[in-house]
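Scroll down for the structure; my scribbles are underneath it.
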Amino acid sequence: MPKTIIVSNRLPVKIQENNGEYTLLPSEGGLATGLGSIYKQSDNIWIGWPGLEITDETVQKKITKQLKEQSLLPVFLSQEEITEYYEGFSNEVLWPVFHYYASTYANYKESNWEFYQQVNDKFKQRILDIAKPGDTIWVHDYQLMLLPSLLRKENPDLSIGFFLHIPFPSYEMFRLIPWRAELMNGILGADLVGFHTFDDVRHFINASTRILPIQSSANIITDGERSIVVESFPMGIDDKKYAELTRDPEVKKDIKLIHDSFKNTKLIVTIDRLDYSKGILQRLQVFEYVLEHYPDYREKIALYMVVVPSRDTVPQYAHLRDQIDKRVGTINSVYRTMDWVPIHYYYRSMPLEMLSALYSTADVCLVTPMRDGMNLVSKEYVASRVNNDGVLVLSEMAGASKELIDALIVNPNNTVEVAQTLIQAINMPVEEQRRRMVQMRQMVSKFNVSHWVKIFMDKLNEVKQLQRSMLTRYIGSATEQSIINRYAKTQKRIIFLDYDGTLVDFKPVIDQAVPDEDLYTIIDQLTEDPANHVVLISGRKHDILGEWFADCSIDLIAEHGAWFKKQHSIWHKLPGLSAQWKHDIMQVMETYVDRTPGTFIEEKSYSLVWHYRKAQKGLGELRAGELMNTLKYIANDKGLQLLPGNKVVEVKNMEINKGKAALTMVDGDKYDFIMALGDDYTDEDIFKALPDNAVTIKIGSNVSAAKFYLRTPSEARRLLKTLAENSFVKH
Ligand code: GDG
């Protein structure tokens, strides 16, 4: 039976050593809880670093055995690997860049990068030792961004999901990393890429299409023949656990202690890992501002600040710790009184019970990171407020602010605003507290961590099924043989061929895509058989098609059906078409050419095309959207159709349509074999118009109404050649 493998940098356990004996303590992290429902089942497993350096092989074996009993598999890392891959590359390159601290903290060291690759490869090996085709692998976070493609290369059949727990920055930040293309390629080995917020999704798609020669449409990226889905899955918490904890006797004891110590004071709680992205220093500044500018609140409020030690072997973190120490010391020495201390600062990890007691007693929870992927502390506070009171002040830079919209949302860079909001929070009437908290509690409860796991896994399955169904429609040898058999048995065939993107590859300059000798030979071979009626059906201008195919025994349909020409005869226009509208549309399009360098207008008899393939990436797409919007109403009034195509926007008469044109050719004549090959949206009209028994083939991998797929023009040519060779089998 296929299994699921979870992979993250750290395993969800803490290992404690006592005189050569190792004890495994369960991790309290939300990820461990959420994924518990998966990795503990049947043959499923979680792979990761156990959190400490173990070099002795006997000890490694012993720990591996102990971990195995809990469905965990270790990847042992040397101290050097931890220093270079984890502390170096992950925490001194990726973390600062992804949190918009590139200029202050990023340190691009080649050796860090080498170790990052090496450790990702080590993880790959460990996974491949146990992974079988058909297994599902869910890779977590920024330490393992190369892993999806490393796995894909070795085992293309794996189902791979990737989730990033930190923000994905805008392209302008991500591009700074010297190894950006490698990292991007690494992630794109996955089938499904997940982020906390829609902003991350947008940033990722934008960065990927700018850095790599790939395409995207809505939230699907097409890399060669593979479709990768990118979506937001805001992570939740185990809300019930936090609600239940408040009834725990141990927690009740702590709650009483806190109440006794802060009798007449409003308690403001903050809980963070030591990190510059969490805005701890800025928050101290806010608190100091309040004490200075709102003296009435002195002795009436207290800040309870828990900072959990983290990464303090990285120099920047040690420095931050010292700065926080100093700042707290200064504020306390300036403002403290005989029986009041403004800041209660703890640089340590608290037991979960104490954490719960703090959440339960805090009048205000102040969560003001400068950047945060999600921020689970804010959700844990909400889940702990079983009486529906308390106020959450939340930074708009935390992913959680997109869901917890009933919090008091602030910009953490605006000291005055945060200070005023803190005062508002302290004075908020209970009714308002309730109204806001009830809404937030519903949100936290519905989108909890099990929901998060479920929707991610469901989507991954769905993506895989979509890919498989695409795969079954790809013309492999069996399907090809059945098409050949049908072809060989038939006497009167019609074959519709689109030109650009179907018979020839796209070229940067449109006039470069001239037919080559090989293409003429294929057409000649096909048309040698009198049973074949070949029709070239294209959006190109009629005169150029006429010139190119003057010597071929084929019919031509140009400008999507505005012109047609029987073989060796002259061009005819579709009757009743008007080109009066062109003047007005041309004027609008010209303004876009003036504003967008690299774009130009192509004029056909009954259509106008605005080309932007040479425009600055992104700008062309933006202007195309704008142009479509501008033309929408005029087009409607004038009976025109707007076609957003491959780096073009085309405006044409509504009556012109490749589907209609193809149908006119088919109607009346009794063809026993109808085939159509096309690559773009205009060819979809042909696929839809033709009768059900037609062999319709899409070239490329976008969603299509065609029955079958081929990947490239060269595959299309190969099929046509094979058919031509089978022409006379029956004759
Ligand atoms: C990353 C992203 C994203 C904290 N102090 C103690 C303690 N904690 C627990 C909290 C909470 C967790 O640690 C911290 O989670 P956050 O989400 O706030 O932040 P990061 O650690 O930076 O996590 C973040 C997250 O991944 C998930 O995707 O939300 O944006 O940066 O659960 O309760 N737990 C205990 N004692 C403490 O003193 N027991």
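Note that the coordinates shown come from a computational prediction; the quantities given were computed from them, not determined experimentally. Order of appearance sets the numbers: ligands from 1, and atoms from 1 within every ligand. Side chains are part of it too, since the values below use all heavy atoms of this structure and drop only hydrogens, waters and symmetry mates.
For ligand 1 and Gly373, the ligand atoms under 4.0 Å from any heavy atom of the residue are 30 (O). If you number the atoms of ligand 1 from 1 as listed, the ones under 4.0 Å from a heavy atom of Ser349 come out as 36 (N), 37 (C), 38 (O).
For ligand 1, the polar-atom distance check finds no N/O of Trp95 at less than 3.5 Å from any of the ligand's N/O atoms. Below 3.5 Å of separation, one finds an N or O of Leu376 facing an N or O of ligand 1.
Heavy-atom neighbours of Lys122 NZ from other residues, nucleotides or ligands within 6.0 Å: above the threshold of 12.
Smallest separation of non-hydrogen atoms from Leu460 and Leu192: N-CD2, 3.6 Å.
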Do Gln433 and Arg385 pass the side-chain contact (heavy atoms from CB on, under 4.5 Å) test, and can you show the C-alpha distance, the side-chain angles, and the key distance before you say yes or no? CA-CA 11 Å; Gln433 292 181 24; Arg385 305 304 299 185; 6.0 Å; no

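For the 3.5 Å distance criterion, the side chains of Glu380 and Tyr359 qualify, holding a donor opposite an acceptor. Counting only N and O atoms by type, the side chains of Asn387 and Asp389 include no donor and acceptor under 3.5 Å apart.
At a heavy-atom distance under 4.0 Å, atoms from both the backbone and the side chain of Asp372 approach ligand 1. With a heavy-atom cut-off of 4.0 Å, Ile271 touches ligand 1 through its side chain alone. By the criterion of a heavy-atom distance under 4.0 Å, both the backbone and the side chain of Met350 are placed next to ligand 1. Counting heavy atoms closer than 4.0 Å to ligand 1, residue Met235 contributes side-chain atoms (C-beta onward) but none from N, CA, C or O.
With Val308, Asp275, Leu164 as candidates, the residue nearest to atom 5 (N) of ligand 1 on a non-hydrogen basis is Val308. In this comparison of His140, Lys278, Glu380, His99, the heavy atom closest to atom 20 (P) of ligand 1 sits on Lys278.
Using cut-offs of 30° and 60° on the angle between ring planes, the pair Trp113 and Trp179 is parallel.
Look at His196 and you'll find a heavy atom under 4.0 Å from some atom of ligand 1.
Annotation: ring-ring contact (aromatic ring centres under 6.0 Å, His included) contacts of Tyr105 (sequence neighbours excluded): Tyr101, Tyr276.
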Identify each donor-acceptor pair in which a side-chain atom of residues 341-358 lies under 3.5 Å from a protein atom, sequence neighbours left out, and give them as a table.
unit_1 : atom_1 : unit_2 : atom_2 : d
His344 : NE2    : Val341 : O      : 3.2
Tyr347 : OH     : Asp312 : OD2    : 2.8

